[in-house]
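Below is one structure, written out as structure tokens, with a few remarks after it.
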There are 2 protein chains.
Amino acid sequence: MVAFTRPTVQMLRLSRKSDYALVALKALRALGPGDALSARELASRFGLPVDLTPKVLARLAQAGLVQATLGKTGGYRLARDAESITVAEVVRILDGDPELAPCREGILECNRIADCDLRHPLGNLQREMMNVLDRMTLANL
Amino acid sequence: MVAFTRPTVQMLRLSRKSDYALVALKALRALGPGDALSARELASRFGLPVDLTPKVLARLAQAGLVQATLGKTGGYRLARDAESITVAEVVRILDGDPELAPCREGILECNRIADCDLRHPLGNLQREMMNVLDRMTLANL
DNA sequence: GTAAAGGCGACCAATCTGGTCCGATATTAG
DNA sequence: CTAATATCGGACCAGATTGGTCGCCTTTAC
């Protein structure tokens, strides 16, 4: 008997990095004002990849979402209000600007009216989706 | 000089198949009541892969979205009102049920409250997204 | 009967992602 | 001052997923 292999869909999915970032951010949100969490601690607490977690947090740090303190007792803490941190922003930082249906490069039909006639309304769809991601803040999570 | 390589993001993207399907469906929508379009015609008209297009349409046909007629003068036509065909349905047919952040298998933390505390609200996000996809019909496109 | 169309399964290749290793740098405890 | 611990950043490799192709078969119009 084959064991329940759900066809894991790749499309329309958050990247692992974004996933991890949200987990970490949410943990940081629960911290006291003076406290901080190290990447190592976050990784071990949530089962995140040990070597990938610092990378993710570094990106968040240089984007200004979290504040990193070096040194022996260092770690990360939120740099902004949880209300101001949106899922859309996190995704954009870690995976870039998502496009539902990017124009395929070097395709002749990209100039065709009939085709871009479709791609434009798809843009509406995308805009709606981004709206959803924009409205979902860390505080709402 | 490296030529403008925008980091095409894979995540949060429609699959190519869904993309093609929407293009094809939209073309079928513009058809007269008795007319039909062959996969070949659709492919050449929109620059879709010739061998992949029939496959996509076949899936749509067996899902009941389009009606296929065999034979020399065969082709496809819409089998339902454009108003009743949603993007969500198309995606589900071609790529399966999308999950924003599927639980990683075999992870110990899946039982942890802190973790699934996050995944549940992510479910809300997903539900909102699916709502958007559900509301966007072929007629709206 | 022949040509053109869809139906279906298997297979291969390119791409993307995720994960790891490596080192360098900065800061704090003692 | 020194050592330990933290962040930072690049390069690299392997696995997974997607997408595209080839093949053969059935059905229908002429």
Side-chain angles (χ1 to χ4, degrees), chain A residues 5-21 24 36-44 47-63 65-77 79 91 94-96 98-99 101-102 104-105 107, chain B residues 5-21 24 28 35-44 47-63 65-77 79 91 94-96 98-99 101-102 104-105 107:
Chain A
T5 53
R6 181 178 31 178
T8 34
V9 186
Q10 194 75 353
M11 304 286 91
L12 283 179
R13 247 186 34 186
L14 247 52
S15 78
R16 224 98 154 168
K17 289 177 194 164
S18 296
D19 190 355
Y20 298 158
L37 271 179
S38 72
R40 207 174 301 269
E41 174 69 14
L42 281 167
S44 83
L48 312 182
V50 182
D51 286 311
L52 189 53
T53 305
K55 285 177 122 35
V56 169
L57 288 176
R59 302 277 290 273
L60 294 179
Q62 75 186 44
L65 292 199
V66 303
Q67 189 186 14
T69 56
L70 294 184
K72 195 173 183 182
T73 61
Y76 294 96
R77 79 196 69 182
V91 169
L94 291 170
D95 297 324
E99 286 184 288
R104 322 155 230 157
E105 296 187 18
I107 206 118
Chain B
T5 54
R6 180 177 32 176
T8 35
V9 185
Q10 194 76 351
M11 305 284 92
L12 283 180
R13 246 187 34 185
L14 248 50
S15 78
R16 226 103 153 164
K17 289 177 195 165
S18 297
D19 190 356
Y20 298 158
L28 294 183
D35 294 340
L37 269 179
S38 72
R40 206 173 303 269
E41 173 70 14
L42 281 167
S44 84
L48 313 182
V50 182
D51 287 311
L52 188 53
T53 306
K55 285 178 122 34
V56 169
L57 288 176
R59 302 277 290 273
L60 295 179
Q62 75 187 45
L65 291 200
V66 304
Q67 189 187 12
T69 55
L70 295 184
K72 193 175 182 182
T73 61
Y76 298 95
R77 80 194 69 181
V91 169
L94 291 170
D95 298 324
E99 286 183 288
R104 324 155 230 161
E105 296 186 17
I107 207 120

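Below, chains carry the letters A, B, ... as their sequence lines are ordered, and counting in each starts from 1.
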Under-3.5 Å N/O pairs linking protein and nucleotides 10-12 of chain D:
residue : atom : partner : partner atom : Å
D/dG10  : N7   : A/Lys55 : NZ           : 3.3
D/dG10  : O6   : A/Lys55 : NZ           : 2.7

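- When the side-chain nitrogen and oxygen atoms of B/Tyr20 are compared with OP1 and OP2 of D/dG20, one or more of them lie within a distance under 4.0 Å.
- Residue B/Asp19 contributes atom CG, which lies 13 Å from atom C1' of D/dG19 at whole-angstrom precision.
- Across all their heavy atoms, B/Leu57 and B/Ala24 have their closest contact at CD2-CB, 4.0 Å.
- Atom C1' of nucleotide D/dG19 and atom CG of B/Leu48 are separated by 13 Å, given to the nearest angstrom.
- In this structure, the side chains of B/Met11 and A/Gln10 come closer than 4.5 Å at one or more pairs of heavy atoms.
- Distance from the side chain of A/Gln10 is smallest to D/dT17 among D/dT17, C/dG18, C/dG7.
- Pairing each heavy atom of B/Asp95 with each of B/Ser15, the nearest pair is OD2-OG, 2.5 Å.
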Footprint string (nucleotides 22-30 of chain C, 5' to 3'): B base within contact, S backbone only, - free, heavy atoms under 4.0 Å: ----SBSS-
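- Of the listed nucleotides (D/dT7, D/dG19, C/dG6), D/dT7 has the atom at the smallest distance from the side chain of A/Tyr76.
- As a whole-Å value, the separation of A/Leu12 CG from D/dT17 C1' is 15 Å.
- Residue A/Arg40 has a polar side-chain atom (N or O) positioned under 4.0 Å from OP1 or OP2 of D/dA6.
- A pairwise comparison of heavy atoms in A/Ala21 and A/Leu94 identifies CB-CD1, 3.2 Å as the closest pair.
- Taking atom CD of residue A/Glu41 and atom P of nucleotide D/dT7, one finds them 11 Å apart after rounding to whole Å.
- Nearest nucleotide to the A/Ala58 side chain, out of C/dG6, C/dG19, D/dC8: D/dC8.
- With rounding to whole Å, A/Leu94 atom CG is found 10 Å from C/dG18 atom P.
- In terms of modelled atom types and a separation under 3.5 Å, the side chain of A/Thr69 and the main chain of A/Gly75 share a donor-acceptor contact.
- The two residues B/Tyr76 and B/Ala68 have their closest heavy-atom pair at CE2-CB, 3.5 Å.
- Annotation: side chain of B/Leu28 is in contact with side chain of B/Val66 (closest heavy-atom distance under 4.5 Å).
- Between the P atom of D/dG20 and the CZ atom of B/Arg59 lies a distance of 14 Å, rounded to the nearest Å.
- Rounded to a whole Å, the CG atom of B/Leu28 is 11 Å from the P atom of C/dG6.
- Two residues are said to be in side-chain contact when any heavy atoms from C-beta on lie closer than 4.5 Å; B/Leu48 and B/Val56 fail this criterion.
- For C/dC8, the OP1/OP2 oxygens have a side-chain nitrogen or oxygen of B/Gln62 closer than 4.0 Å.
- Between B/Arg13 and B/Asp19 there is no side-chain heavy-atom pair separated by less than 4.5 Å.
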